[in-house]
Amino acid sequence: MKIERLDKYMWRIPREGKMRVDAIVFTDAESVDDPQFREAMKQLMNVATLPGIVKYALAMPDIHWGYGFPIGGVAAFDAKDGIISPGGVGFDINCGVRLMKTDLTYEDVRDRLRAIVEAIYETVPAGVGARGDIVLGKKGLRKVLVEGAEWAVKAGYGLEEDLERIEDGGKIHPADPNYVSEEAFERGSDELGTLGAGNHFIEVQMVEEIYDRDLAEFFGLEVGTITIMIHSGSRGFGHQVATDYIRLMRDRLKEHNRDLPDKQLINAPFEHPLGQAYYSAMNCAANYAFANREILGHLVRKAFWKVFGKDTRVELIYDVAHNIAKVEEYEIDGKRKKLVVHRKGATRSLGPGNEKVPEIYREVGQPVIIPGDMGTASYLLIGTRKAEEKTFGSTAHGAGRVLGRSAALKRWSYREILDELERKNIIVMSKSKKTLVEEAPEAYKDVDRVVHIVHEIGISRKIARMVPLGVVKG
DNA sequence: ATGTCC
C-alpha cells in the first residue's frame, strides 16, 4: 500500500485500482506502521471504490477495523448518484454520547462517591438484554421512533430544556416506522432507558483541566466541576434494523452489489426505494437512541437528586450521535451539493454560525464530546469551520480499540482490571466481569493522543478535559 | 455493538 505524508498529521493513499477517490487519514507517524492500522486502511480503500463517493474517503485518528467500513471513518456520497450503506453507519445506529454538568464540585461529592455510583447502578438497567421499566406496544413505540427525545420528555423522562441541547433536537426525519420490521419492534419494546453492554458506560467525572477559559466559562465549567457522561445507543432495536437491511440489500440488490471488494460494504443507491427505506428506518433507530439517552440522562438526574437533594442542578450540555448517515449540503468544486455523509465512529463538528447549531450555541459552534474508554479521560471540544471545509464537518469520536475483545480476555483477569482502576481511585460497578475485562483501559488507544491530533489539525478545538471518579457499566 | 449463531 502506497501511503504519502502530506503534513504532520495528514496522510494520503493515492487512488489505485477500483478506487474512485483518494483515501485520506489524519494520524501521527507512530500509527502508520502499525499492522492493525494497515488493515483498517485497506477497508478505507475499499470504501473509496463505492459509487458516488465525493472528494475522498476519510479516516480520523481513532480509526480501527469495523464491519465493512472502518470505525473512525467518514464517507460522503452524492445524494443523486451515490449510495447509502448500513455498514457505513454501524450496527449500533446512533450510538452516541452526552455530557451533563452539575452545580456540584469535587469537594461536595468526594465523601459520597460510592453512594452516587451505587444509586446510578441501581437506577439504570444495564447489561446485554436488560429490560427497562418502560414497556411499549406497537403504537407507543411508533411514537418514540418519530418523536425521539421529545417523546421521553413528554413521558416525564427529561426536561423540556434538554431538547435544544441534543443534535438535531433529538428528532430526525424522515423517520417512517412502516419501514421497521416486526422483529425490531419486538426487540425495542422493553429496552428503552437501558444502558447496554460493551463500551457503553455512565461516568461521574470531574473537570481536571481547562484549555479555553472563555468557552469553558460559556459552558459553565471550572476545574473541579462534577460532570456526567453517558455513552449508549439504540440497543437491540438499531441492531435489528441494521441486520434487516443488510439482508434485504443482499437479497434484492444482487446485481448492484455484484463487484464489491468486500461483501460487508453492501449498499443501496440512495434514491432507490430500498435505500430510502433504510434511510427512514435508520432514522427511526436514531430517534430511539436519542430517546434512550434522554431517559438515561433523566434516571441519572434522579439518582443525583436522591443522593444530593432535589435542588441539585443536572443540566445537559450536549448530546451527539457518532454512528449515523445524514443528508447535508457542502460546497464541492464551487457548487453546493446534497451529500449522504456517513459518520461511523465520527462526530459532527460544525463551526460558529452554522444554522444547524442550536441558537443557544450558534455563536461559538457545536459542542463536540469525545469520551475515552473506561478509566481514562474524556473531552469537551468545539466544532470548527475548518472541519466544514476539510472533513464534511466531522471529527474523531473516541479512543478506538487496539486490542480485540477475546485478546483482552486472554491477557487480563477481572481482579487485575479492578485493581488498576482502584489504584486510579475510580469506583467501578459492572453487571458483567467479562465486559469489564474486555473494556480494559489498555485495550484502547490513548484518547489524549487522538484529541491532540484533531485539535492540532483544527477540525475541533479543546475546551476541557474530564477525568472519571465513578463508572457504571453493563 | 448484539436476546454475543440461522
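In this text the structure is predicted, and so the values were computed from the model without any measurement. Just so it is clear, the values below take in all heavy atoms, side chains as well, and ignore hydrogens, waters and symmetry mates. We name chains A, B, ... by the order of the sequence lines, and we start the count at 1 in each one.
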Taking atom [atom2] of [N] as reference, at what distance in whole Å does atom [atom1] of [X] sit?
{"X": "Lys433(A)", "N": "dT4(B)", "atom1": "NZ", "atom2": "P", "answer": "21 Å"}
{"X": "Arg247(A)", "N": "dC5(B)", "atom1": "CZ", "atom2": "C1'", "answer": "12 Å"}
{"X": "Lys431(A)", "N": "dT2(B)", "atom1": "NZ", "atom2": "P", "answer": "15 Å"}
{"X": "Leu409(A)", "N": "dT4(B)", "atom1": "CG", "atom2": "C1'", "answer": "12 Å"}
{"X": "Glu183(A)", "N": "dC6(B)", "atom1": "CD", "atom2": "C1'", "answer": "11 Å"}
{"X": "Glu191(A)", "N": "dT4(B)", "atom1": "CD", "atom2": "C1'", "answer": "13 Å"}
{"X": "His239(A)", "N": "dC6(B)", "atom1": "NE2", "atom2": "C1'", "answer": "14 Å"}
{"X": "Asp244(A)", "N": "dT2(B)", "atom1": "CG", "atom2": "C1'", "answer": "13 Å"}

Exercise. Closer to the 5' end of DNA chain B via nearest nucleotide, is it Glu438(A) or Asp92(A)?
Worked result: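 It is Asp92(A) whose nearest nucleotide is closer to the 5' end.
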Exercise. Which listed nucleotide (dC6(B), dT2(B), dT4(B)) is nearest to the side chain of Lys434(A)?
Worked result: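 So the nucleotide nearest the side chain must be dT4(B).
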Exercise. Quick one: do the His322(A) and Asn94(A) side chains pair a donor with an acceptor below 3.5 Å?
Worked result: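 Absent: no donor and acceptor within the cut-off.
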What contact category does [X] fall into here, base, sugar-phosphate, or nothing, at under 4.0 angstrom with non-hydrogen atoms?
{"X": "Gly196(A)", "value": "sugar-phosphate"}
{"X": "Gly233(A)", "value": "nothing"}
{"X": "Ala242(A)", "value": "nothing"}
{"X": "Glu186(A)", "value": "nothing"}

Problem set entry | Phosphate OP1/OP2 of dT2(B) contacted by Arg235(A) side-chain N/O (<4.0 Å) |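 Answer is yes, contact under 4.0 Å.
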Close aromatic pair by centroid cut-off 6.0 Å: [X] and [Y]:
{"X": "Phe91(A)", "Y": "Tyr67(A)", "value": "yes"}
{"X": "His231(A)", "Y": "His397(A)", "value": "no"}
{"X": "Tyr361(A)", "Y": "Phe219(A)", "value": "yes"}

Exercise. Would you call Lys356(A)-Asp168(A) a salt bridge at under 4.0 Å N-O?
Worked result: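 Salt bridge flag = no for Asp168(A) with Lys356(A).
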